[in-house]
Amino acid sequence: MTRAEGGREAGALRVIVLADDLIWATRLVGQLGTVGADPVRAGSADGFAAALALPSTGAGTDASADAGAVRPGHAVIDLTARAYDGLAAVRLAVAAGVRVLCVGQHDDRDLRRAALAAGAERVLAYRTLFENGHAMLAAWLGVPAPAAGSLSMPARPEVPAR
């Protein structure tokens with residue numbers, strides 16, 4: 001699990017991104033960063049489970065480097081991954097009290113329905129995310145959408161997840 005760089009302020013909405021495809025993971029992290037969220041990328045089921053196991057408050061429980069790390073309250077899960085079971089990840093996040101938004105193929109209606117049945121609040125098609133992702137993510141997070149023409153990528157690129 002890696003934390004996106006960019007110096008997010010304390011109290012920013014922490015969102016875990018579970019995606020094993022580097023292009024989509026980078027795009028999701030970038031879009032979340034531009035709407036003011038604090039994205040944390042997990043590229044595997046183990047990394048995702050570790051993020052969900054963090055305490056829900058800022059109080060660290062040990063002296064590790066991640067002491068003081070806080071469990072994200074939101075998760076964006078790519079359903080079409082090969083390295084993990086997207087539906088199992090949805091169920092795990094929902095059981096941990098985390099709000100879930102999924103992304104996937106527009107034509108895989110069965111998977112989209114299954115994700116909603118597993119507890120995802122929404123399932124966006126990749127095309128929707130590509131064309132209007134900032135506004136969709138901002139609406140889901142309950143934050144203002146960036147003004148048209150004001151969007152830029154975070155200052156530092158995302159480091160691939162472990």
Side-chain angles (χ1 to χ4, degrees), residues 1-8 12-54 69 71-94 96 98-143 145-146 148-162:
M1 174 177 60
T2 59
R3 182 152 184 237
E5 299 291 335
R8 298 282 173 234
L13 291 170
R14 184 157 299 164
V15 180
I16 186 168
V17 175
L18 178 58
D20 66 348
D21 180 274
L22 185 58
I23 293 171
W24 278 108
T26 301
R27 180 169 284 161
L28 287 165
V29 165
Q31 286 182 329
L32 286 162
T34 60
V35 299
D38 180 12
V40 178
R41 179 170 174 245
S44 68
D46 289 342
F48 188 68
L52 293 176
L54 291 170
R71 177 179 62 225
H74 299 75
V76 178
I77 299 172
D78 183 347
L79 293 173
T80 62
R82 295 182 193 135
Y84 58 84
D85 178 342
L87 294 176
V90 171
R91 288 188 288 275
L92 184 65
V94 170
V98 173
R99 295 180 60 202
V100 178
L101 179 136
C102 294
V103 294
Q105 297 294 331
H106 74 280
D107 58 352
D108 194 342
R109 291 194 169 119
D110 291 339
L111 184 58
R112 292 167 61 99
R113 276 193 282 271
L116 292 170
E121 294 178 9
R122 297 198 62 187
V123 181
L124 300 179
Y126 289 125
R127 182 175 179 103
T128 300
L129 186 69
F130 181 75
E131 292 175 348
N132 199 20
H134 295 95
M136 300 296 286
L137 291 168
W140 177 64
L141 292 169
V143 298
S150 69
L151 300 174
S152 63
M153 290 301 292
R156 296 183 183 175
E158 169 66 11
V159 177
R162 290 179 252 169

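Excluded from the calculations below are hydrogen atoms, water molecules and symmetry mates; all remaining heavy atoms, backbone and side chain alike, are included.
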_Please report the interatomic distance CE(Met136) to OG1(Thr128), rounded to the nearest 0.5 Å._
6.5 Å
*asked:* For the CG atom of Leu129 and the CD atom of Gln31, what is their distance to the nearest 0.5 Å?
replied: 4.5 Å
*Looking only at non-hydrogen atoms, find the nearest pair between Ala125 and His106 and report the distance.*
CB-CB, 3.6 Å
_Looking at every heavy atom in both His134 and Val35, which two are closest together, and how far apart are they?_
O-CG1, 3.5 Å
*For the residue pair Ala51 and Pro72, what are the closest heavy atoms and their distance?*
O-CD, 3.7 Å
*Ala138 to Ala145 - nearest heavy-atom pair and separation*: CB-CA, 3.7 Å
*Quickly, which of Val29, Leu32, Val15, Leu28 forms a side-chain contact (heavy atoms from CB on, under 4.5 Å) with Arg41? Name it, please.*
Val29
_Inter-residue atom distance Leu137.CG - Thr34.OG1, 0.5 Å rounding_ = 8.0 Å
Can you give each donor-acceptor pair under 3.5 Å made by side-chain atoms of residues 77-94, sequence neighbours left out, with the distance rounded to 0.1 Å?
residue : atom : partner : partner atom : Å
Asp78   : OD1  : Thr80   : N            : 3.0
Asp78   : OD1  : Thr80   : OG1          : 2.9
Asp78   : OD1  : Tyr126  : OH           : 2.4
Asp78   : OD2  : Tyr126  : OH           : 3.2
Thr80   : OG1  : Tyr126  : OH           : 2.4
Tyr84   : OH   : Leu18   : O            : 2.9
Tyr84   : OH   : Asp78   : O            : 2.8
Asp85   : OD1  : Leu87   : N            : 3.0
Asp85   : OD1  : Ala88   : N            : 3.1

*Taking Arg99 for the side chain and Trp140 for the main chain, is one N or O donor matched with an acceptor at less than 3.5 Å?*
yes
*To the nearest 0.5 Å, what is the distance between CG (Leu141) and CG (Leu101)?*
8.5 Å
*So, do Asn132 and Leu124 sit near enough that their side-chain heavy atoms are less than 4.5 Å apart?*
no
*Not counting sequence neighbours, which residues clear side chain to side chain donor-acceptor pair (under 3.5 Å) with Arg122? List them please.*
none
